[in-house]
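First comes the structure, then the notes that go with it.
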Amino acid sequence: MNKTMNSLILVLTVLALTACVQVQVPVENNNKGNQLAISSVRDLPIVYPQGSLFSLAPKYIKETSLKAEQTQKIYHLYTNAIISDIQKNHFELAMPDKQAVFHVGFGIALSNDLSDVKISEKFGITPGLPEHSGLKKGSFLIYIEDAVTGRRVWRGIAQGFAHEELTVEQRQQRISVIVSSVMKQFYQTN
């Protein structure tokens with residue numbers, strides 16, 4: 001009985017430790033403005049085979065400090081990066097006449113619009129990148145939801161600092177690195 005209980009505790013501990021991942025990734029160079037903190041968690045053991053169809057479901061914050069035009073541009077860049085990254089990993093974007101197997105929901109927010117406390121309450125995880133004076137902290141939240149059950153399978157978040165001075169090409173490259181870094185954790189558990 002005691003041996004069975006110890007085995008059960010060991011298995012539960014291992015599962016708990018492997019379910020949530022947190023990493024800090026230096027992006028581009030080592031200064032604080034380029035830090036990237038990532039956290040993810042697997043909610044269900046559902047696995048999607050290569051070639052599975054996915055759809056996108058962007059989520060917007062009701063009130064934001066950004067202008068509508070800025071928000072649209074940022075979401076457009078993230079949409080393209082997400083589709084590209086998922087397709088590189090052998091999944092296919094569902095066309096309107098096809099049923100997706102999983103949905104990819106995502107949102108982007110600055111910390112003055114969506115605090116770590118609110119992220120933790122609503123999303124359940126946060127990498128906890130510390131604020132730095134003079135820098136605007138932003139969060140990229142993404143999740144995978146099973147189309148059949150409607151339940152969340154996986155969720156991840158990256159936090160870094162906004163770089164308003166970047167060119168469009170530099171911004172696209174940075175966003176691709178951010179999306180790839182977060183999604184890598186989904187692919188590793190899929």
Side-chain angles (χ1 to χ4, degrees), residues 23-40 52-96 100 102-116 118-119 122-123 125-129 131-132 134-145 152-188 190:
V23 245
Q24 287 228 345
V25 179
V27 178
E28 295 161 24
N29 65 36
N30 219 6
N31 81 28
K32 295 212 182 287
N34 289 321
Q35 284 183 328
L36 185 62
I38 300 170
S39 185
S40 70
S52 294
L53 299 177
F54 72 93
S55 66
L56 284 183
K59 306 296 180 196
Y60 298 90
I61 295 179
K62 290 178 185 170
E63 292 184 33
T64 177
S65 58
L66 298 175
K67 295 178 181 156
E69 181 182 299
Q70 291 173 303
T71 301
Q72 289 301 329
K73 284 181 182 179
I74 292 168
Y75 270 80
H76 179 72
L77 291 172
Y78 272 91
T79 296
N80 290 341
I82 292 166
I83 291 170
S84 175
D85 190 75
I86 295 174
Q87 287 177 330
K88 282 179 193 171
N89 284 276
H90 313 291
F91 297 101
E92 296 180 30
L93 181 62
M95 294 297 123
F102 64 92
H103 305 293
V104 181
F106 71 98
I108 301 117
L110 294 172
S111 62
N112 55 335
D113 299 327
L114 187 65
S115 70
D116 281 0
K118 193 61 104 175
I119 290 171
K122 301 285 184 184
F123 202 60
I125 57 172
T126 179
L129 182 68
E131 300 277 349
H132 287 288
L135 298 174
K136 292 181 184 177
K137 184 170 87 170
S139 298
F140 165 61
L141 298 87
I142 189 164
Y143 63 90
I144 305 295
E145 181 180 275
R152 202 165 20 195
V153 174
W154 174 89
R155 59 202 142 113
I157 180 173
Q159 290 182 321
F161 296 101
H163 293 273
E164 297 169 17
E165 76 287 352
L166 297 179
T167 67
V168 173
E169 290 163 349
Q170 291 170 323
R171 185 166 284 129
Q172 286 173 330
Q173 289 174 344
R174 182 164 169 80
I175 289 170
S176 290
V177 168
I178 291 167
V179 169
S180 176
S181 297
V182 176
M183 291 303 294
K184 178 170 64 173
Q185 296 182 14
F186 168 69
Y187 306 133
Q188 289 173 344
N190 187 46

Legend entry - Partners meeting side chain to side chain donor-acceptor pair (under 3.5 Å) with Ser55 (sequence neighbours left out): His103

Legend entry - Name of the residue among Gln170, Glu165, Arg171 meeting side-chain contact (heavy atoms from CB on, under 4.5 Å) with Thr167: Gln170

Inset, instruction - Indicate the atoms forming the closest heavy-atom contact of Ser39 with Ile125, along with that distance. - result: O-CD1, 3.6 Å

Inset, instruction - For Glu92, check side chain to side chain contact (heavy atoms under 4.5 Å, CB included) against everything at least two apart and list the hits. - result: Leu53

Inset, instruction - Working to the nearest 0.5 Å, report the span between CD of Gln72 and CD1 of Ile74. - result: 10.0 Å

Inset, instruction - Drop me the distance from Ile175's CD1 to Ile108's CD1, to the nearest 0.5 angstrom. - result: 7.5 Å

Inset, instruction - Taking the side chain as every heavy atom from C-beta outward, state whether Ile82 and Met183 have any atom pair closer than 4.5 Å. - result: no

Inset, instruction - Starting at CD of Gln173, measure out to CG of Leu77 and round the result to the nearest 0.5 Å. - result: 12.0 Å

Legend entry - With His76 via side chain to side chain donor-acceptor pair (under 3.5 Å) - residues at least two apart: Asn80

Legend entry - salt bridge (Lys or Arg N to Asp or Glu O under 4.0 Å) pairs, two or more places apart, involving residues 104-114: none

Inset, instruction - Find out whether Phe140 and Ile157 are in side-chain contact, i.e. whether some heavy atom of one side chain is under 4.5 Å from a heavy atom of the other. - result: no

Inset, instruction - Can you sort out the partners of Lys73 under side chain to side chain contact (heavy atoms under 4.5 Å, CB included), two or more places apart, ordered by chain and number? - result: Glu69

Inset, instruction - Determine which pairs satisfy salt bridge (Lys or Arg N to Asp or Glu O under 4.0 Å) with at least one residue from residues 54-67, sequence neighbours left out, and list them in order. - result: none

Legend entry - Partner set under ring pair (Phe, Tyr, Trp, His ring centres under 6.0 Å) for Tyr143, not counting sequence neighbours: none

Inset, instruction - Scan residues 154-164 for pairs that pass salt bridge (Lys or Arg N to Asp or Glu O under 4.0 Å), counting only residues two or more places apart or in two chains. - result: Asp43-Arg155, Lys136-Glu164

Inset, instruction - Not counting sequence neighbours, which residues clear side chain to side chain donor-acceptor pair (under 3.5 Å) with Ser111? List them please. - result: Glu131

Inset, instruction - Compare all side-chain heavy atoms of Phe186 with those of Val104 and state whether any distance is below 4.5 angstrom. - result: no

Inset, instruction - Quick one: do Lys184 and Asn89 satisfy side chain to side chain contact (heavy atoms under 4.5 Å, CB included)? Show the steps, please. - result: CA-CA 9 Å; Lys184 178 170 64 173; Asn89 284 276; over 6 Å; no

Inset, instruction - Under the salt bridge (charged side-chain N to carboxylate O under 4.0 Å, His left out) rule, collect the residues that match up with Asp116, sequence neighbours excluded. - result: Lys137

Inset, instruction - Could you tell me which residues satisfy side chain to side chain contact (heavy atoms under 4.5 Å, CB included) with Leu114, sequence neighbours excluded, listed by chain and number? - result: Ile61, Ala109, Lys118, Ile119, Leu141

Legend entry - Aromatic centroids of Tyr78 and Phe106 separated by under 6.0 Å: no

Inset, instruction - With rounding to the nearest 0.5 Å, note down the distance linking CG in Asn190 to NE2 in His90. - result: 12.0 Å

Legend entry - All side chain to side chain contact (heavy atoms under 4.5 Å, CB included) counterparts of Thr71, not counting sequence neighbours: Tyr60, Thr64, Leu66, Tyr75

Inset, instruction - Can you see which heavy atom on Phe102 is nearest to which on Ser52, and at what distance? - result: CE2-CB, 4.1 Å

Inset, instruction - Return the minimal non-hydrogen interatomic distance between Leu129 and Ala37, and the atom names on each side. - result: CB-CB, 4.0 Å

Legend entry - Straight-line distance of Leu56 CG to Ile83 CD1, nearest 0.5 Å: 4.5 Å

Inset, instruction - For Pro127 and Gln159, work out which heavy atoms get closest and say how close. - result: CG-OE1, 3.5 Å

Legend entry - Side-chain heavy atoms of Ile142 within contact of Phe123, under 4.5 Å: no

